[in-house]
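As the structure is a prediction and not an experimental result, all values here were calculated from the model. What's counted below: heavy atoms across the whole structure, side chains too, no hydrogens, waters or symmetry copies.
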Amino acid sequence: MRLLGDPLRAEIVRLLADGPACTSHLVADTGAKQPNVSGHLKLLREAGVVTTEPRGRFTFYRLVPESLQGAALHLADLAAHARANAENFRDC
């Protein structure tokens, strides 16, 4: 959740859901500076949310849907647990 808590990083993930893109595409689409976009892509790559694919002089970034699906399932389980225990107040 923290990884996608940054608005620019979340926007990059949203854009990559439309298909692989290189840094220059993401810079143009977000209006952010190239070093900023590159830094976010590095974090997403290290977290396993995106993979890279060299194509000529460019590196394209591709979203890894399974990583997002795993996080979504975890959040859904957490929400169900919270819903089931919403009235279980702890003793003080």
Take Asn85 and His81, measure what side chain to side chain donor-acceptor pair (under 3.5 Å) needs, and give me the verdict at the end. CA-CA 6 Å; Asn85 294 298; His81 186 75; 3.3 Å; yes
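Counting non-hydrogen atoms of neighbouring residues, nucleotides and ligands closer than 6.0 angstrom, the CG atom of Asn88 exceeds 12 such neighbours.
Heavy-atom minimum distance, Val49 versus Leu3: CG2-CD2, 3.5 Å. Taking every heavy atom of both residues into account, Val27 and Ala32 meet most closely at CG1-O, 3.3 Å. Annotation for Tyr61 and Leu41: closest pair CE1-CD1, 3.6 Å, computed over non-hydrogen atoms.
Formation of a donor-acceptor pair under 3.5 Å by the His40 side chain with backbone atoms of Val37 is not found in this model.
The distance from the CG atom of Leu73 to the CD atom of Glu66 is 11.5 Å, given to the nearest 0.5 Å. In this structure, CZ on Phe58 lies 14.0 Å from CD on Glu53, to the nearest 0.5 angstrom. In this structure, Leu26 CG and Gln34 CD are separated by 10.5 Å, a value rounded to the nearest 0.5 Å. In this structure, CG on Leu16 lies 10.0 Å from CD on Glu11, to the nearest 0.5 angstrom. Atoms OG1 and CG, on Thr52 and Leu44 in that order, are 12.5 Å from each other to the nearest 0.5 Å. Atom CD1 in Ile12 sits 7.5 Å away from atom CG in Asn36 (nearest 0.5 Å).
Linking Ile, Leu, Val, Met, Phe, Trp and Tyr whenever their side-chain heavy atoms come within less than 4.5 Å leaves Leu75 and Leu4 in two separate clusters. In terms of hydrophobic clustering, with Ile, Leu, Val, Met, Phe, Trp and Tyr side chains grouped at heavy-atom distances under 4.5 Å, Leu68 and Leu78 are assigned to different clusters. Hydrophobic clustering of Ile, Leu, Val, Met, Phe, Trp and Tyr side chains at less than 4.5 Å, counting indirect connections, keeps Phe60 apart from Leu63.
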